[in-house]
Amino acid sequence: MAPTHVLRCCQRGLAWIPVIFIALVVCWSYYAYVVELCIFTIPNIGEKIVYLIFFHLSFIMFVWSYWKTIFSQPANPSKEFCLAKVEKERYEKEERPESQQEILWRAATSLPMYTRTGAGAIRYCDRCQVIKPDRCHHCSACDMCVLKMDHHCPWVNNCVGFSNYKYFILFLAYSLVYCLFIAATVLQYFIKFWTNELPDTHAKFHVLFLFFVAAMFCISILSLFSYHLWLVGKNRSTIEAFRAPVFRTGSDKNGFSLGFRKNIAQVFGDQKKYWLLPIFTSQGDGLTFLTRLVNTADVEQATVTLQPDPSKSADDGPVSPVSPVSESQNRLLSNDQHANNIAEHQANNTLKPADSETITISMESES
């Protein structure tokens, strides 16, 4: 036990090395730009003041968003997604996967979930012992299930997910602005030092190296930032981009897409005045997500057939009613649809087919 604990502590310590490296580079860039460039190299006072003002604005926003991305605790599934003590004991005792799935299906009846595994089963984390909400995944580095997990980023030593995805996007944006501003303003002095128009001083090395570092980071950040902007517009996570979520009718990479504007609002919120600030404004709670139907035909003309047990006649009592699906202008899956999916699964596993009465549920949406 002790060696494992020590190894775990060492891993956690080593995980901070990329963050420390970025912090050192940022501190050096601050010194090189403010002291070596603005104070010792630039002769014009007005140019110095303008450069320093815009530099500090981009620097503050960059550091603020980076800090929030690092130290925002990843959001985890709530207690309602944990199995009850009795159900957990039964689940652990069961050896057959089919019986375990039956326990999970019964526990998931009241939970707002639409996605499943590739085999159509309930998504369950044996490590955390929770039923995974939609878009939730287990992070092996953090050793926890993270809501709307995008990826684990070593440069922030944290999981990027529901609680800090907006901060991560702003971190990329402001780091790109920071690098672009440095590269653009240093360029003329980089050329002068390179062509020996300026005398060789201790500032020469800092200015030359500052331009190379800013240009290098700018290129790498631009590609990553562009990719994540594309993901935001599609309302996908990095995981969903590589492995499409599976719904009742099959996998659909655009299953959570609500249209470009609504997709943007999912991450940045409804109030545009807060979009550029690293404060939490994302919509929802990370547990439930609006979901477009995979197949429009399922909304306009879908049927679910339940066949009762032939050993029971109509006189034995009425069949349990199934609540209809409410209409939706945006053609989104509602909680009633989820209840019908659970009812369909349980009916298919518990009721035997027979040539008897059939109950049909029709679902329609507004045209």
Side-chain angles (χ1 to χ4, degrees), residues 4-26 62-78 81 115 117-118 123-176 217 220-246 253 255-256 266-268 278 280 282 284-287 289:
T4 305
H5 178 70
V6 172
L7 180 62
R8 186 66 179 173
C9 290
C10 292
Q11 289 176 341
R12 290 179 178 176
L14 293 174
W16 284 101
I17 291 179
V19 178
I20 295 173
F21 172 75
I22 293 296
L24 292 175
V25 171
V26 171
F62 161 63
V63 173
W64 186 8
S65 57
Y66 188 44
W67 178 275
K68 295 284 285 185
T69 307
I70 295 173
F71 294 105
S72 293
Q73 184 69 20
N76 311 120
S78 58
F81 288 87
T115 56
T117 65
R123 299 170 63 244
Y124 183 75
C125 179
D126 292 310
R127 179 76 174 177
C128 299
Q129 296 185 333
V130 295
I131 296 175
K132 295 180 183 178
D134 292 341
R135 315 185 82 174
C136 175
H137 299 276
H138 184 86
C139 175
S140 57
C142 297
D143 195 25
M144 66 175 69
C145 284
V146 179
L147 297 182
K148 196 186 177 183
M149 179 179 172
D150 187 87
H151 69 287
H152 183 89
C153 181
W155 298 107
V156 299
N157 190 29
N158 199 2
C159 253
V160 177
F162 176 75
S163 63
N164 63 350
Y165 189 58
K166 177 190 174 183
Y167 306 148
F168 178 74
I169 297 296
L170 291 179
F171 157 62
L172 294 179
Y174 288 123
S175 59
L176 180 62
F217 275 100
S220 59
I221 293 172
L222 179 60
S223 59
L224 184 61
F225 180 58
S226 302
Y227 176 67
H228 277 280
L229 284 183
W230 178 78
L231 289 179
V232 171
K234 296 290 185 179
N235 202 354
R236 298 179 198 167
S237 65
T238 301
I239 295 176
E240 292 164 354
F242 287 95
R243 186 173 64 248
V246 180
K253 61 183 179 180
F256 293 105
Q266 286 271 303
V267 176
F268 291 95
F280 187 82
S282 300
D285 56 3
L287 298 169
F289 296 92

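Scope of the values below: all heavy atoms of this structure, side chains included, with no hydrogens, waters or symmetry mates. Residue numbers start at 1 and run along the sequence shown.
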Do any pairs count as a salt bridge (charged side-chain N to carboxylate O under 4.0 Å, His left out) and have a residue in residues 147-169, sequence neighbours left out, and if so which ones?
none
Which atom of Pro74 lies closest to which atom of Asn158, heavy atoms considered
CG-OD1, 3.3 Å
Evaluate the side-chain proximity of Tyr165 to Ser282: yes if any heavy-atom separation is below 4.5 Å, no if none is.
no
Asn76 versus Leu147: any side-chain heavy-atom pair under 4.5 Å?
no
Applying ring pair (Phe, Tyr, Trp, His ring centres under 6.0 Å) to Tyr124 and not counting sequence neighbours gives Tyr91
Nearest non-hydrogen partners of Cys139 and Val146, listed with the distance:
CB-CG2, 4.2 Å
Trace of the side-chain contact (heavy atoms from CB on, under 4.5 Å) decision for Ser72 with Tyr167:
CA-CA 9 Å; Ser72 293; Tyr167 306 148; 3.2 Å; yes
Residue pair Thr69, Asn164: steps toward the side-chain hydrogen bond (donor to acceptor under 3.5 Å, both in side chains) verdict:
CA-CA 6 Å; Thr69 307; Asn164 63 350; 5.7 Å; no
Ignoring hydrogens, what is the shortest heavy-atom contact between Ala141 and Arg8? Give both atom names and the distance.
O-NH2, 3.4 Å
Closest contact, heavy atoms only, Val19 versus Val156
CG2-C, 3.7 Å
Sequence neighbours excluded, which residues qualify as ring pair (Phe, Tyr, Trp, His ring centres under 6.0 Å) partners of Phe162?
Phe280
Given the rule in the ring-ring contact (aromatic ring centres under 6.0 Å, His included) test, do His228 and His151 qualify, once you have shown the distances and angles that lead to the verdict?
CA-CA 11 Å; His228 277 280; His151 69 287; 5.6 Å; yes
What's the shortest heavy-atom distance between Ile169 and Phe225, and which atoms?
O-CE1, 3.8 Å
Test salt bridge (charged side-chain N to carboxylate O under 4.0 Å, His left out) applied to Asp126 - qualifying residues, sequence neighbours left out:
none
Using a 3.5 Å distance criterion without hydrogens, assess whether the side chain of Arg236 forms a donor-acceptor pair with backbone atoms of Lys253.
yes
Decide yes or no for Ile221 and Leu176: does some side-chain heavy atom of the first lie under 4.5 Å from some side-chain heavy atom of the second?
yes
Assign the ring pair Tyr66 / Phe62 to parallel, tilted or perpendicular, where the plane angle (0 to 90°) is split at 30° and 60°.
parallel
For residues 135-144, which residue pairs qualify under salt bridge (charged side-chain N to carboxylate O under 4.0 Å, His left out), counting only residues two or more places apart or in two chains?
Arg127-Asp143, Arg135-Glu240
side-chain hydrogen bond (donor to acceptor under 3.5 Å, both in side chains) contacts touching residues 11-26 (sequence neighbours left out)
none
Here the pair of heavy atoms bringing Leu287 nearest to Pro77 is CD2-CA, 4.0 Å
